[in-house]
Student: 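My structure is below; once you've seen it, I'll send some questions.
Just follow the structure's listing: the first ligand is 1, and inside any ligand the first atom is 1. From a predicted model like this one, the values you see are computed outputs, not experimental measurements. Numbers here simply count residues along the sequence, with the first being 1.
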Amino acid sequence: MTSPIGWPKKPIGYEVMRLSDTHLPQGLEGPAYDRRAVRVGQVHLGVGAFHRAHQAVYTEACLTAGDLRWGIVGASLRSPQVAEQLNPQDGLFTCLVREGAESRASIIGALQKILVAPQNPTALVEAMAAPDVHIVTLTITEKGYHLDPATGALQMQDKAIAADFARPDAPATAPGLLVAALAARKARGMSPFTALSCDNLPDNGGRLKQAVLDFARAQDPALADWIERYGAFPASMVDRIVPATTSDDLAQFEARFGVQDLGLVKTEPFSQWVIEDQFAGERPQWELAGAQFTDDVAPWEMAKLRLLNGAHSALAYLGNLAGYQTVDQTMANPAFERFVDRLQDEAQSTLTPPPGLNLAAYRSDLKQRFKNAALMHKTYQIAMDGSQKLPQRLLATIEARISRGQDFACLALGVAGWMRWQAGVDEQDRPFEVQDPLAAKTRALYHMGQTGFEKAASLCSLEAVLGPKLPSDPRFVDAVGAALDALLKHGACATVEALVQKEAAR
Ligand code: CS2
């Protein structure tokens with residue numbers, strides 16, 4: 001088919017070989033274990049870049065240590081893209097760790113193959129029902145849970161959930177797929193697997209359990225009882241910044257290593273995984289790669305969501321509006337850096353850190369991580385799906401501040417940044433697509449008001465995001481209205497600058 005690469009320039013008519021078991025990048029070692037001897041012990045739902053740079057890397061350490069029970073079958077719940085990237089590469093991909101001029105590449109072999117749920121839901125259900133499979137991990141993003149924000153229960157009226165309920169043999173949602181696989185296991189006299197959520201949500205294990213049990217109970221109460229009794233849904237906190245891979249990243253890799261890797265992921269040196277120690281059966285020894293097991297994930301998750309993700313989202317909206325393409329570019333503006341400090345001060349006062357977490361060190365590391373220019377982490381990427389992210393990243397923190405009688409000017413500016421972003425044009429009048437399940441609603445609400453105050457009041461009626469409490473609190477509505485007004489009049493840079501000066505003068 002192809003000949004060896006031409007490097008640095010490809011001779012015309014020659015194709016570069018794809019990465020595979022038989023074509024490894026020049027100068028890099030492949031997995032140090034026999035991949036043919038690996039058994040599949042895990043299934044992962046939502047096999048995007050984050051899974052590959054995080055859970056797959058932890059699992060790789062277990063395989064490398066010789067425990068070959070834990071190969072992963074990955075599944076995409078929507079598009080065939082990842083399957084097309086990885087299946088022709090025998091599931092192999094490169095994880096590039098970047099910081100400054102440093103770049104360290106390793107080949108990860110933990111993924112055995114990728115299934116595409118809409119193409120063959122039965123194959124995916126059967127993969128999860130296999131006797132050797134003990135764990136199903138998930139990164140399905142906030143919107144993949146289909147829970148009602150007000151009651152926390154599964155939204156049975158949701159179109160996708162209702163469709164799965166009508167056709168339980170061809171599910172498409174994570175709750176539908178998990179219940180189908182658990183039903184098959186029960187019918188075959190097997191034990192359930194552990195379902196381990198790795199999404200950035202408070203009590204992600206509890207939420208997943210709720211979604212699965214609600215679905216199962218509506219279908220077969222005995223199945224729900226069985227899952228409740230024998231199943232496990234540990235909570236976990238995951239942390240690693242994994243920007244989307246760009247075509248430039250692929251081209252640079254190909255030029256440097258002489259093979260094409262369409263599954264390449266790039267990430268930072270930092271990585272953390274804190275997992276509730278509650279499993280239905282066997283599990284990989286992820287602690288070999290530094291995973292921490294604990295009884296209580298909640299304080300870890302809350303610190304991460306409010307300090308890291310809260311600052312990330314605020315930087316993403318305000319930075320993107322101001323025309324900064326990446327997080328490090330935004331952080332290079334000293335006013336934005338000081339803004340992150342102040343916003344984290346506000347957030348920190350709402351936290352009770354778990355034993356073992358030094359908040360000062362954590363925050364100083366975070367700033368370095370945000371400044372990692374080698375990642376080129378796009379503000380636009382973080383800004384997506386804001387309606388799903390805002391409650392746990394900024395709004396819950398504001399509620400906690402209000403209940404303590406504390407102000408929240410920086411958090412309010414973050415929320416106002418989200419509101420302003422719903423317009424779909426930046427401050428230079430450049431249009432962009434607001435990628436969010438509620439984009440049509442937020443856009444309409446944004447345009448219903450004229451002034452910043454009116455627009456903020458209008459968006460506050462969106463209970464699915466703002467909840468019932470904050471919109472009826474004049475302290476919240478006024479603070480966010482004033483911040484949005486300032487953003488519209490003066491722009492993000494001047495507003496951030498004015499706020500940090502005001503805060504410094506206090
Ligand atoms: C980011 C996160 O895209 C986003 O919303 O805030 O993906 C963030 O990079 C990770 O949570 C870091 O662990």
Student: Are any of the N/O atoms on Asn200, whether in the backbone or the side chain, positioned under 3.5 angstrom from an N/O atom of ligand 1?
Tutor: yes
Student: What is the ring orientation for Phe336 with Phe339, classed by angle as parallel under 30°, tilted 30 to 60°, or perpendicular over 60°?
Tutor: perpendicular
Student: Check for me whether the distance between the ring centres of His312 and Phe370 falls short of 6.0 Å.
Tutor: yes
Student: Parallel, tilted or perpendicular: which one describes the rings of Phe408 and Phe476, with boundaries at 30° and 60°?
Tutor: parallel
Student: Identify the protein heavy atom lying closest to atom 2 (C) of ligand 1, giving its residue, its atom name and the separation to 0.1 Å.
Tutor: Asn309 ND2, 3.7 Å
Student: Test your reading of the structure: does Arg393 have an N or O sitting under 3.5 Å from an N or O of ligand 1?
Tutor: yes
Student: Who's closest to atom 10 (C) of ligand 1 heavy-atom-wise, of Lys304, Met237, Glu268, His312?
Tutor: Lys304
Student: By the definition side-chain hydrogen bond (donor to acceptor under 3.5 Å, both in side chains), identify the one residue from Thr326, Asp426, Thr379 that meets it with Asn320.
Tutor: Thr379
Student: Taking the side chain as C-beta and beyond, is there a heavy-atom pair between Gln272 and Met237 under 4.5 Å?
Tutor: yes
Student: Is there a nitrogen or oxygen of Arg369 sitting under 3.5 Å from a nitrogen or oxygen of ligand 1?
Tutor: no
Student: How about Trp421 and Tyr446: are their ring centres within less than 6.0 Å of each other?
Tutor: no
Student: Specify the protein heavy atom at minimum distance from atom 13 (O) of ligand 1: its residue, its atom name, and the distance to 0.1 Å.
Tutor: Asp239 OD1, 2.6 Å
Student: For Lys389, take its heavy atoms, then give the atoms of ligand 1 lying under 4.0 Å from any of them.
Tutor: 3 (O), 4 (C), 5 (O)
Student: Show the atoms of ligand 1 that are less than 4.0 angstrom away from any heavy atom in His377.
Tutor: 9 (O)
Student: Quick one: does Gln272 get a heavy atom under 4.0 Å from ligand 1?
Tutor: no
Student: Assess Arg283 against Phe279: is NZ or CZ under 6.0 Å from the centre of the six-membered ring, and within 45 degrees of the ring's axis?
Tutor: yes
